[in-house]
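A short worksheet on the structure shown next.
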Amino acid sequence: MTESLADASPAIELVKPAVRGQPAYTLIPRSSRRKLNQNESPWDVPDGLKRAIVERALTLPWNRYPEFVPAELLQRLAAAHAWHSDGILVGNGSNELIQAVLATTLTPSAVVVAPSPTFSLYRLLTNVFGGRYVPVALGGDFRYDVDALIQAAAREQARVIVVNSPNNPTGSALPPDGVERLLETTDALVLCDEAYQDFGGPTAVPLLPSSPRVVVLRTFSKAFGMAGLRFGYALAHPALGREVAKGKLPYNVNAITLAAAAMVMEHAEIRTERIRAIVDIRDRTVERLRRVAGLLVYPTAANFVLIRCLKTPAREVFRRLLDEHGILVRDVSAASELQECLRISVGTDDDMNAVVAALEQIAR
């Protein structure tokens, strides 16, 4: 297109200043032989199950909206968590439900307290909705400091506390009593993003019957291997869930994804086997990485590993992994707390053997 565009400055001035000053969530597309930068499952949904899902999709009326209330899927999720089906919300990925919770709870300048470093979307959405974001530094080895979160929440009169456990990108999990202490000592809503909980750490689900101020988020993107279909869900007190539902769009999850999620849940053994395999590969990889010169490897309960490059700059290690070995990891070193850090998703045994060998070569 050769036609020049009008000056957008007047339109941009109408955007909230807090939004204009906030970096967008983004990812530079890069091709590689080994893709270990987005914490995805290394294994796809099995071919036979994919074919069954496609066959089911062909029977669906594509000219009709999906179910307004996907009753069958909600019942399956309710049974899996021993929770009320009317206390479960489905989303186009769990990220959409983070958005819905913050949209329905934040008033102008209301405070969101969260650990730092953590998933950048929490800060971005807080600013979009006019809230005030207060980061609280994690402790040594990026371990959770629950006391610091409690103190910040009290000092700032926090409306929402967000905890990502295990935390992205550090891999650290809350202590077993962490969420309970936050609920007992603050008046805030506690949003527990458990996108990686399948791989380790405690869950806040048992607190749901006694704690109406807790919301638990889960996803099918990791252990279920369905990142491409975008499905997540939230567990909450039914009364709170009804209010949060007002913050999400109607018919937000398409009919094919709803059908796929229900069918995948019929094969829980696939998820169980893959979790076991990923945790085993992760733990063996961590031990091997700790023997590589010039690396600091942080404890992790997730399906990824955070390393700090002590001798060679992280950006140089990132470039050499990609250019010389075809391995794409996540460079997180731009964050002040994560200087010289890279995040490596857990892949197959073959993937991780290649990662360790490449880092050993770079260290030499």
Side-chain angles (χ1 to χ4, degrees), residues 69-91 93-106 112-115 118-119 122 144 146 149-150 153 158-167 173-224 231-248 252-253 261-262 265 268 271-272 275 301-302:
V69 178
E72 176 190 356
L73 178 55
L74 291 178
Q75 289 297 334
R76 290 182 186 277
L77 292 169
H81 294 287
W83 189 235
H84 305 274
S85 61
D86 57 349
I88 302 176
L89 304 177
V90 298
S94 58
N95 289 349
E96 183 188 34
L97 298 170
I98 297 170
Q99 183 181 50
V101 170
L102 296 181
T104 52
T105 57
L106 292 188
V112 173
V113 165
T118 193
F119 188 30
Y122 308 142
Y144 263 97
V146 178
L149 287 171
I150 291 171
R159 195 174 187 88
V160 179
I161 302 171
V162 182
V163 285
N164 184 203
S165 181
N167 184 47
L174 275 163
D177 65 345
V179 175
E180 190 170 13
R181 288 181 60 203
L182 292 172
L183 290 165
E184 289 175 348
T185 56
T186 77
D187 295 323
L189 178 78
V190 181
L191 177 58
C192 302
D193 186 349
E194 296 187 356
Y196 302 98
Q197 194 279 329
D198 286 320
F199 307 104
T203 175
V205 170
L207 299 175
L208 286 165
S210 60
S211 303
R213 285 186 289 112
V214 64
V215 178
V216 181
L217 301 178
R218 292 292 185 91
T219 182
F220 276 37
S221 295
K222 314 302 178 185
F224 279 105
F231 182 74
Y233 59 100
L235 305 161
H237 188 287
L240 177 60
R242 284 191 290 272
E243 299 303 317
V244 172
K246 298 172 184 178
K248 68 181 185 69
N252 56 324
V253 182
M265 287 198 71
R271 170 179 169 273
T272 302
I275 292 171

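Every heavy atom of this structure was used, including side-chain atoms; hydrogens, water molecules and symmetry mates were not.
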Rounded to the nearest 0.5 Å, what's the gap from [atom1] on [X] to [atom2] on [Y]? Could you check?
X	Y	atom1	atom2	answer
Met265	Phe220	CE	CZ	5.0 Å
Thr185	Ile150	OG1	CD1	3.5 Å
Leu77	Ile88	CG	CD1	5.0 Å

Where is the tightest heavy-atom contact between [X] and [Y], given as atom of each residue plus distance?
X	Y	result
His84	Ala78	C-CB, 4.2 Å
Ala114	Leu149	C-CD2, 4.2 Å
Ala153	Thr186	CB-CG2, 3.9 Å
Gly91	Leu97	N-CD1, 3.9 Å
Ala195	Thr219	O-CG2, 3.5 Å

Inset, instruction - Run the numbers on Asn167 and Phe119 for side-chain contact (heavy atoms from CB on, under 4.5 Å), then give the verdict. - result: CA-CA 8 Å; Asn167 184 47; Phe119 188 30; 5.9 Å; no

[X] side chain to [Y] backbone, donor-acceptor under 3.5 Å:
X	Y	result
Arg213	Leu183	yes
Gln197	Gly201	yes
Arg159	Val112	no
Trp83	Ala236	yes

Legend entry - Side-chain ion pair, Glu243 and Lys246, N-O less than 4.0 Å: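 Judged by the 4.0 Å cut-off on N to carboxylate O distance, Glu243 and Lys246 do form a salt bridge.
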
Inset, instruction - Give a yes or no on whether a salt bridge exists between Arg271 and Asp198, defined as a side-chain N under 4.0 angstrom from a carboxylate O. - result: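 So Arg271 pairs with Asp198 through a salt bridge.
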
Assess the side chains of [X] and [Y]: does a donor N or O sit below 3.5 Å from an acceptor N or O?
X	Y	result
Thr203	Arg218	yes
Asp193	Tyr122	yes
Glu194	Ser165	no

Legend entry - Pair Leu174-Val179, side-chain contact (heavy atoms from CB on, under 4.5 Å): steps then yes or no: CA-CA 8 Å; Leu174 275 163; Val179 175; 3.7 Å; yes

Inset, instruction - Decide side-chain contact (heavy atoms from CB on, under 4.5 Å) for Val162 and Val113; before the verdict, give the C-alpha distance in whole Å, the side-chain angles of both, and the deciding distance to 0.1 Å. - result: CA-CA 6 Å; Val162 182; Val113 165; over 6 Å; no

Inset, instruction - Evaluate side-chain contact (heavy atoms from CB on, under 4.5 Å) for Ile161 paired with Leu189, printing each intermediate quantity in order. - result: CA-CA 6 Å; Ile161 302 171; Leu189 178 78; over 6 Å; no

Legend entry - With Leu74, the side chain to side chain contact (heavy atoms under 4.5 Å, CB included) member among Val90, Leu89, Asp86: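 One option only clears the test, and that one is Val90.
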
